[in-house]
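Notes for the one structure printed next.
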Amino acid sequence: MGLKGESMSQQVRVRFAPSPTGFLHVGGARTALYNYLFAKKNNGTFIIRVEDTDLERSTEESLKMQLADLKWLGLDWDEGIDPDTLKDFGEHGPYRQSERLEIYNKHAQELISKGKAYYCFLTDKEIDAQREEQKSKGLPLQVNSPYRDQELAQALEKIESGEKPVIRFKTNPEKKTYVVDDLIRNQVNFPSDMVGDFVLMRSNGMPVYNFCCAIDDALMKITHVFRAEEHLNNTLRQMMVYEALGFALPKFGHLSIILGEDKQKLSKRHGATSCHEYKLRGFLPEALLNFIALLGWSHPEGKEIISKKELCETFSEERLNSASAVFDETKLTWVNAMHLRALSDDQLWELIKPLLNNEGISLPEDSDWRKQAFELFKPYMETLTDAIELFRPLSKGEFKILPDSKEALSWESTKSVFQKWIEILNAHPTEALSEDDFMSAQNKVKVDCEVKGKKLFMPIRVAIIGKPHGAELKLLVPLMSKETLIQRAKAALESI
RNA sequence: GUUCCCUUCGUCUAGAGGCCUAGGACAUCGCCCUUUCACGGCGAAGACACGGGUUCGACUCCCGUAGGGAACGCCA
C-alpha cells in the first residue's frame, strides 16, 4: 500500500482551474483532459479548483454547469467541489478562491512586510495617462507607481482615512532572465523587465489571478501545471511570486490554442464552442474526448479512434504538440459516428430513447424489433440526434413527403405503381409484411405495371418514407404495420 | 510598439540528421459492393512558409525573413 507513491520522488498532483463564467469551452475541456490523463498515467491526483475572484462575471450557475460538463465527459476528480452538492471535498481546500481570501491576505501582508510589495493609490485615470504617454513614445506599457517607495506608515494612514489601494508587487530593478523549463516548449526565457509592478490584491480585497494562482498551486502542492498557451507570459509574474514567497516551482506545460476554421482563436462566432452544445447536438462524451485529445496530442501508433481507458494508458506529455490546431467539426462528426456504431443496441437505445420521446415518436418496445431497426439504421447515424429523423418514419401517423421526391412523383408510371401497391397491401392477409412478402409484392408491381429499376423502387420508397433515398426497403418494411403502409401510400397517391 | 510562442497535404498529425520517392486519419475525387442512399472495400490527388548557414547528407540543428498567435488589466 502506498509503495508506489512513496517510491516516486513526488506524488503527482495536477489541477484544472476553471473560472465559472459560462459553459465549459472545448479548449478548457481539452486542458482538463490532459491534466486528467497525466494524473491517471502517473497514479496522481486530479484536482478541480475554482477561480472565481472576478466577482462581476462569476456565477454559481456557471460553476454548476461547468462541473456538470466535466462530469458528463467522465473527467472525475479526486479533490475539489462535488458537482451535485457543490461542497468541497479533499484535504487542501477550500477549493474556491473566493473562500481563500484570508490566505491571500496573509501572503500579501508577508510580502509587504518584506518590502516586496506595496500599497498603491494610483487611480485608473492616472494609469491611463501613463499608458497613453508610453504608447506615444513606443515604450513598454508598464505602470510606474510613485507609491513604490512610500513609507508603510504613510500608506496605512491613507487607508485609515478611507482610501482603498491595491497591493502591487515590487519588481526587482535588477534585470535578469527567468527561465521556464516548459514540458512542451522546452526552455523559454523571459527578461525580468518584461513586466512592471503588477497588482496582487485589488482594491476590493480580491486577489488577482497571477497572485492567487501561484499561492494555490504551491499550497495545494501542485506538481505539474498544464494550461493554455495564453498563460505562458503570465508565468514570469508567477515565478516572481513563487520566488518572493520562497515556494517551490511546479513544472509547467503550455498547451497550444484551439482555433476556428479561419485560424482565429475559437470563439462564439465560430458556432458551437461549449461541451454543452455538443452534448445537445448528440455527440457522445467519449467521442468528444477522443477528438479533442487528438487536437495537440497523437497516439504513439497513430490510432484515431481511442477509448477513454486507452487514452489513460497511452497518454504521454512528450507527445503533446506545441502548434495550435484548428477545430474541425467534420472530423469530430466522423469520430462520433465511429464511437456511436461501436455501442451495443441497448446502450444506444438508452441514449436515444429520451430524444425520441421528446419528439413524440413512439416505437414498439419489442427487443427483436429494436435489433432489426438498429441493424438497419446504425450505418446512417453519425450523432444521436440523427436517430430522430431515422426513426420518425416508423412512428405511427408521422408522414411527410419531402421535396426531393418531386422527380419520382412526376413520372407517368408512378400513379399506377401507387395504386397497385395499395391494392396489394389491402389484399395482404397479415398485419405486417415479412421480407419475402415485400419482395413478392414489389415483384408484382413490377410485372403488373411494367416498370423496373428506378421507376419501380423510387415511387415505392416515396410511398413508404416520403423520400426517394434511404435504408433498404425489404428490411425497413417489416418494421412497419400494414395499416401505416396503406395510409402512407394513399397520402402519396393524393399528392400527385 | 515591447516581449514571448508557433509554422509538414484543405484540416488533425507522424517525423528525435541518412529509414522520406515525406507515412496515417478526416474531407475531396474515382472504382467496387449495392435495383436507391448510407456503411464497407480498393485506389487517386494533395504538404515540409521563404532565404541563408552547419553537415558527406537537413522536414529534422543554427541564424534571419515573412506570416499567424498570445501577453502587456483592479479578466482569467
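We name chains A, B, ... by the order of the sequence lines, and we start the count at 1 in each one.
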Tell me, please, whether A/Phe121 has A/Lys158 positioned over its six-membered ring: NZ or CZ under 6.0 Å from the ring centre and within 45 degrees of its axis? yes
Could A/Arg168 and A/Tyr118 be counted as a cation-pi pair, given that NZ or CZ must be under 6.0 Å from the ring centre and within 45° of the axis? no
Report which part of the nucleic acid A/Leu141 touches: base, sugar-phosphate, or nothing (heavy-atom distance under 4.0 Å, all strands). base
Would you classify A/Glu472 as touching base, sugar-phosphate or nothing, given that sugar-phosphate means primed atoms plus P, OP1 and OP2, and contacts are heavy atoms under 4.0 Å? base
Taking the six-membered ring of A/Phe457 as reference, does the cationic atom of A/Lys454 (NZ for Lys, CZ for Arg) lie under 6.0 Å from its centre and within 45° of its axis? no
Quick check: does any side chain N or O of A/Asn336 sit under 3.5 Å from a backbone N or O of A/Leu284, one acting as donor and the other as acceptor? yes
Gap in Å between the two P atoms, one belonging to B/C5 and one to B/A22, rounded: 32 Å
With A/Asp217 as reference, evaluate A/His224, A/Gln238, A/Arg49 under the side-chain hydrogen bond (donor to acceptor under 3.5 Å, both in side chains) test and give the passing residue. A/Arg49
Could you tell me whether A/His254 contacts a base, only the sugar-phosphate backbone, or nothing, with contacts defined as non-hydrogen atoms closer than 4.0 Å? nothing
So, does A/Arg30 use its side chain to make a donor-acceptor pair with the main chain of A/Leu295 at under 3.5 Å? yes
Mind checking A/Glu229 for me? I need base, sugar-phosphate or nothing, with any heavy atom below 4.0 Å counting as a touch. base
Got a list of protein N/O to nucleotides 38-43 of chain B N/O distances below 3.5 Å?
residue : atom : partner  : partner atom : Å
B/A38   : O2'  : A/Pro379 : O            : 2.9

Complementary nucleotide of B/C26, counting Watson-Crick and G-U pairs under 3.5 Å: B/G10
In whole Å, what separates the C1' atom of B/A14 from that of B/C19? 14 Å
Nearest-neighbour nucleotide for the A/Leu232 side chain, B/C74, B/C4, B/C6 considered: B/C4
Over how many whole Å does the gap from A/Lys474 atom NZ to B/U36 atom P extend? 11 Å
Once you apply a heavy-atom cut-off of 4.0 Å, does A/Arg461 come out as touching a base, just sugar-phosphate, or nothing? base
C1'-based separation of B/U55 from B/C62 [nearest Å]: 12 Å
Distance, P atom - from B/G53 to B/G17, rounded to whole angstrom: 23 Å
Between C1' of B/A25 and CD1 of A/Ile306, the distance in whole Å: 11 Å
In whole angstroms, the gap separating P of B/A76 from CD1 of A/Ile215 amounts to 14 Å
What's the closest nucleotide to the side chain of A/Pro191 if the choices are B/C4, B/U36, B/A71? B/C4
Evaluate A/Gln187 against A/Val180 for side-chain contact (heavy atoms from CB on, under 4.5 Å), listing each step before the verdict. CA-CA 6 Å; A/Gln187 278 207 353; A/Val180 184; over 6 Å; no
Can you tell me, in whole Å, how much space there is between the P of B/G52 and that of B/C59? 14 Å
Below 4.0 angstrom from OP1 or OP2 of B/G73, is there any side-chain N or O of A/Arg131? yes
At under 4.0 Å between heavy atoms, what does A/Val188 touch on the DNA or RNA strands: base, sugar-phosphate, or nothing? sugar-phosphate
Check the pair A/Glu163 / A/Ile159 against side-chain contact (heavy atoms from CB on, under 4.5 Å), numbers first and verdict last. CA-CA 5 Å; A/Glu163 286 200 49; A/Ile159 294 169; 5.7 Å; no
Pairwise C1' distance, B/A45 and B/C9 [rounded to whole Å]: 10 Å
A/Phe211-A/His107 aromatic ring centre distance below 6.0 Å: no
May I ask you to check whether over 12 heavy atoms, not counting those of A/Glu261, lie within 6.0 Å of atom CD? no
Interatomic distance, A/Asn234 CG vs B/U3 P [rounded to whole Å]: 18 Å
Distances under 3.5 Å between protein N/O atoms and the N/O atoms of nucleotides 11-14 of chain B, please, pair by pair.
residue : atom : partner  : partner atom : Å
B/U11   : OP1  : A/Lys263 : NZ           : 2.7
B/C12   : OP1  : A/Val326 : N            : 2.9
B/C12   : O2'  : A/Leu294 : O            : 2.8
B/U13   : OP1  : A/Gly296 : N            : 2.7
B/A14   : OP1  : A/Ser298 : OG           : 3.3

Closest to the A/Ile257 side chain: B/U35, B/G69, B/C74? B/G69
Rounded to whole Å, the CZ-C1' distance (A/Phe169 to B/C74) equals 18 Å
B/U36 C1' sits how many Å from A/Glu407 CD, rounded? 12 Å
Could you point out which residue of A/Tyr36, A/Phe315, A/Phe38, A/Tyr34 forms a ring-ring contact (aromatic ring centres under 6.0 Å, His included) with A/Phe226? A/Phe38
What is the separation between atom NZ on A/Lys265 and atom P on B/A76, rounded to the nearest whole Å? 14 Å
A/Asp193 has an atom CG; how far is it from atom C1' of B/U2, in whole Å? 10 Å
Aromatic plane relationship, A/Phe252 with A/Tyr242 - under 30° parallel, 30 to 60° tilted, over 60° perpendicular: perpendicular
Which part of the nucleic acid, if any, lies within reach of A/Ala471 when heavy atoms closer than 4.0 Å are counted: base, sugar-phosphate only, or nothing? base
If you look at every strand shown and take non-hydrogen atoms under 4.0 Å, does A/Thr53 touch a base, only sugar-phosphate, or nothing? sugar-phosphate
Quantified in whole Å, what is the C1' atom distance between nucleotide B/G46 and nucleotide B/G10? 9 Å
Would you indicate, yes or no, if B/A76 has its OP1 or OP2 atom less than 4.0 angstrom from a side-chain nitrogen or oxygen of A/Arg202? yes
Side-chain N,O (A/Ser19) to OP1/OP2 (B/C75) below 4.0 Å: no
Determine the Euclidean distance between corresponding C1' atoms of B/A71 and B/G24; express it in Å to zero decimal places. 36 Å
